[in-house]
> 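Pasting in a structure now, in structure tokens, and then I'll have a few things to ask.
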2 protein chains.
Amino acid sequence: MNKINPLLEAFQQTNFPVGGHGKRNIQVLIDALQDVDGQTDGDTYGNGKLIEDFQEEMAAFLGKESAVFFPSGTMAQQIALRIWCDHKGIKKVAYHPLSHLEIHEEDGLKELHHIQPILLGEKDRLIRLEDVLHIKEDIACLLLELPQREIGGQLPDYEELVQISAYCRSHGIKLHLDGARLYEILPYYQKSAREICELFDSVYISFYKGIGGIAGALLAGDETFTKQSKVWKRRHGGDLISLYPYILSASHYFKQRLNKMGQYYEEAIELAALYNQVPGVATTPSKPVTNMFHVHINRPKEQMESLLVNLYEATGVGLTHYLKEINETSCCYEVSIGDRYANVPKEELRKAFAWMESHLIENGV
Amino acid sequence: MNKINPLLEAFQQTNFPVGGHGKRNIQVLIDALQDVDGQTDGDTYGNGKLIEDFQEEMAAFLGKESAVFFPSGTMAQQIALRIWCDHKGIKKVAYHPLSHLEIHEEDGLKELHHIQPILLGEKDRLIRLEDVLHIKEDIACLLLELPQREIGGQLPDYEELVQISAYCRSHGIKLHLDGARLYEILPYYQKSAREICELFDSVYISFYKGIGGIAGALLAGDETFTKQSKVWKRRHGGDLISLYPYILSASHYFKQRLNKMGQYYEEAIELAALYNQVPGVATTPSKPVTNMFHVHINRPKEQMESLLVNLYEATGVGLTHYLKEINETSCCYEVSIGDRYANVPKEELRKAFAWMESHLIENGV
């Protein structure tokens, strides 16, 4: 059924894959269940100790009054925006041109909720305070994604965030946080999740990115907001009879990895520096502010694919399982640092980058 | 947090609960994983061998070209109706007044898809051929729920189904099957799933009712239909990065229980007969046509609650964990037969019904 993908196959054979936490296989679930008593009751349509306890724990972590577990962020965020639109009676919101809602959700926000997004800022940079100050239309909500994933995981300064938040509050605009990668930004800001979330009226977080759970998301805000979100969750078909496989894995890996975000962040800085030493290669941002960054290579995708396959076979180090074409002469990929990086011997990594550099030069960059 | 519910608590203490497969606790998931190799890759956004194989297996079982796994039936059915509405360019469908879409989904079909339902037939009976023949408005789709759960799991004759199907086909009306309990109807009809589904353009089945999985649903039809359903699944927020906890449990319990549906059906007939011998007690239907039925009791809810609590303590047999008030003088509950029934010794069951009869008479029915 599946087409053969030489880069993916070569990557899967490497001894030292560099990004992520590990394979997304069934073992992820089995491990999460290891310390769970089988006699524990599952959740039932959003009720029961298992889901309620976790929601309370996460609400406290985020410093919000209440929280609701969702099967997906796509569902949670559309619902958040819908609630704020209904609240104000205006079906307009603003977000970045490369927001998840705009490019990964088959226009669910428009097709299901008939909400019109105002695309704020530019595709290659963050939303700035001045963009917000110059919104011409009346909007119900501004969504900020921290970090902005599609541009390598960039972040505004904390002070700018505070100013955007203050402006929104004083102008009747709700501020929603796409915090799919919220944990990952805390080491850079040197703030707690509560301190960041204080700036926002509603917050979505994910459990399968930095946390490495199986799936699942959470929406937090005040009680009125989360109560309404449960009605919409049912309408969307997200109020499953049981969500516990996702809740248990979210809880397990949250405990395991929350305190490792600082380590991932420092490792990302270290790895990006290795990339940036190679001529024709550059990372965005040049110095990461989270555990992620994008790698841009001045080389056609197909050519780079062969080079990486050879690199993996020669060094045993796996840098990426895919490449995305930018144009005829360059390509890119995303790197997210997780548990795996610490298992890559520094010497092997150094050798891999030396190999890349010599072969890129050989082929005439 | 949770209020004390004496009937539920007494039920949970019984040695011989009569309905269902067992407790919905984490063990259900642990058991489903017992024979799974942890190194098996999970599914990724609807792709991968694990989900594709299961979808193909179920499509073959249902005799449909293609199938898509969904987190919930609520999501799957709204999407099915939306596709048929868009196909015909008419935002009207017809279904039973007590359809799941009408009473359990917070009006998702109306709020998200702006589809207007025509309520066909009456609350206390099945949709009949003559109801269909007399639909006055142009509709895109007719949804039939087999069995009709909210009236005790009743079924039309197979011949009537064939006639309804033929009428819809010849009048450009798509016929959709709410087959949440499809497996459960096969013993009565003495038909295969394929034979039933042949009458329908699209079919939804559930994996946590008779099958006893954790959650999850499947939508089947032709390729054009299922391909469109995947787009809507993403819009709804149902295209999770991984659905494998539900797929694995669905597959596990499907294999384990599919061939037991005939047994559950016969046991339901046996149990309903015991109920119907008790004065003031009657089942709907009087003779079950699936593994389920409703029990109606001519006794106020509160009074019956005390009586059942005493019955459970005296006999160790648990008949129901809840009661629903019909009016001031009567109440009801639903019974679904699963694995548990076979573990109830016939002698204990006989004693429980004798106890019920004597105490209902004592209290003056």
Side-chain angles (χ1 to χ4, degrees), chain A residues 1-2 23-31 33 36-44 47-50 52 70-79 104-109 111-114 208 214-217 230-246 248-249, chain B residues 1-2 23-31 33 36-44 47-50 52 70-79 104-109 111-114 208 214-217 230-246 248-249:
Chain A
M1 292 290 291
N2 295 311
K23 285 190 180 163
R24 290 188 54 87
N25 60 24
I26 315 300
Q27 196 62 38
V28 175
L29 176 58
I30 294 173
D31 288 347
L33 293 174
V36 178
D37 179 359
Q39 298 314 303
T40 310
D41 285 334
D43 56 311
T44 309
N47 299 311
K49 185 171 161 53
L50 191 149
E52 288 163 11
F70 275 82
S72 77
T74 296
M75 194 185 292
Q77 296 210 108
Q78 284 181 28
I79 288 173
H104 290 306
E105 303 184 7
E106 296 279 3
D107 280 340
L109 189 75
E111 296 285 340
L112 289 170
H113 295 284
H114 306 281
Y208 65 87
I214 296 167
K230 286 181 185 179
V231 174
W232 283 107
K233 179 181 167 186
R234 175 153 288 222
R235 288 174 178 155
H236 265 253
D239 191 17
L240 308 194
I241 182 168
S242 292
L243 284 163
Y244 70 76
Y246 300 134
L248 291 171
S249 61
Chain B
M1 290 291 291
N2 294 312
K23 285 190 180 163
R24 290 188 55 86
N25 59 25
I26 315 300
Q27 196 62 38
V28 175
L29 176 58
I30 295 172
D31 288 347
L33 293 173
V36 178
D37 179 0
Q39 299 313 304
T40 309
D41 285 335
D43 55 312
T44 309
N47 299 311
K49 185 171 161 53
L50 191 147
E52 287 163 12
F70 275 83
S72 76
T74 296
M75 194 184 293
Q77 296 210 107
Q78 284 181 28
I79 288 173
H104 290 306
E105 303 184 6
E106 295 279 4
D107 280 341
L109 189 76
E111 295 285 342
L112 289 170
H113 294 284
H114 307 280
Y208 65 87
I214 296 167
K230 287 180 185 180
V231 175
W232 283 108
K233 179 181 167 187
R234 175 152 289 222
R235 287 174 178 154
H236 266 253
D239 191 18
L240 308 194
I241 182 168
S242 291
L243 284 163
Y244 69 76
Y246 300 133
L248 291 171
S249 61

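Every value quoted in this text rests on a predicted model; they were computed, and no experiment measured them. Lettering of chains follows the sequences in order, A, B, ..., and the numbering in each one begins at 1.
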> Against chain A, label Q78(B) side chain, backbone, both or neither, depending on which of its atoms sit under 4.5 Å from a heavy atom there.
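Answer is side chain: those atoms of Q78(B) sit under 4.5 Å from chain A.
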> Quick check against the 3.5 Å criterion: does E52(A) have a side-chain atom that pairs as donor or acceptor with the backbone of G48(A)?
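Confirmed, E52(A) side chain pairs with G48(A) backbone.
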> Heavy-atom distances under 4.5 Å only: say whether Y246(B) touches chain A with side chain, backbone, both or neither.
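Looking at Y246(B), just its side chain touches chain A.
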> For I79(B), is it the side chain, the backbone, both or neither that has a heavy atom under 4.5 Å from a heavy atom of chain A?
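Neither part.
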> Can you name the closest pair of heavy atoms from E106(B) and E111(B) and give their distance?
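Result for this residue pair: O-CG, 4.2 Å.
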> Against chain A, label L243(B) side chain, backbone, both or neither, depending on which of its atoms sit under 4.5 Å from a heavy atom there.
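Contact with chain A involves both backbone and side-chain atoms of L243(B).
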> Does the side chain of L240(A) reach to within under 4.5 Å of the side chain of I214(B), using non-hydrogen atoms?
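No; the side chains remain at least 4.5 Å from each other.
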> So which of F70(B), Y208(B), W232(B) has the largest heavy-atom pair count under 4.5 angstrom toward chain A?
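Most heavy-atom pairs within the cutoff with chain A belong to Y208(B).
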> Where is the tightest heavy-atom contact between S72(A) and G237(B), given as atom of each residue plus distance?
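Closest heavy-atom pair between S72(A) and G237(B): OG-O, 2.6 Å.
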> I need the residue from T40(B), I30(B), T74(B) with the largest number of non-hydrogen atom pairs under 4.5 Å to chain A.
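Among T40(B), I30(B), T74(B), the one with the most close pairs to chain A is T40(B).
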> Considering all heavy atoms of both residues, which atom of A217(B) and which atom of G73(B) are nearest to each other, and what is their separation?
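The pair with the smallest heavy-atom distance is CB-N, 3.6 Å.
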> Could you measure the distance from the OG atom of S249(A) to the CG atom of D31(A)? Nearest 0.5 Å is fine.
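With rounding to 0.5 Å, OG (S249(A)) is 11.0 Å from CG (D31(A)).
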> Below 4.5 Å, heavy-atom pairs only: which of V28(A), L50(A), I26(A) has the largest tally toward chain B?
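The candidate making the most pairs under 4.5 Å is I26(A).
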> Identify the two heavy atoms, one from L29(A) and one from P245(A), that lie closest to each other, and give their separation to 0.1 Å.
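Taking every non-hydrogen atom into account, CD1-O, 4.3 Å.
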> If I measure from the heavy atoms of chain A, does H113(B) come under 4.5 Å with its side chain, its backbone, both, or neither?
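When you check distances to chain A, only side chain atoms of H113(B) fall under 4.5 Å.
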> Given heavy-atom pairs under 4.5 angstrom as the criterion, report whether the side chain, backbone, both or neither of D37(B) touches chain A.
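Contact with chain A involves the backbone of D37(B) alone.
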> Name the region of L112(B), side chain, backbone, both or neither, that has any atom closer than 4.5 Å to a heavy atom of chain A.
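Contact with chain A involves both backbone and side-chain atoms of L112(B).
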> Counting heavy-atom pairs closer than 4.5 Å to chain A, which one of L33(B), D41(B), I241(B), T44(B) comes out on top?
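Of the options given, most contacts go to I241(B).
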> Within a strict 4.5 Å, meaning less than it, do heavy atoms of the M75(B) and M75(A) side chains meet?
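Yes. Closest side-chain heavy atoms under 4.5 Å.
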> Select, from H104(B), R24(B), H114(B), E105(B), the one with the greatest count of heavy-atom pairs under 4.5 Å involving chain A.
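Option with the greatest count: R24(B).
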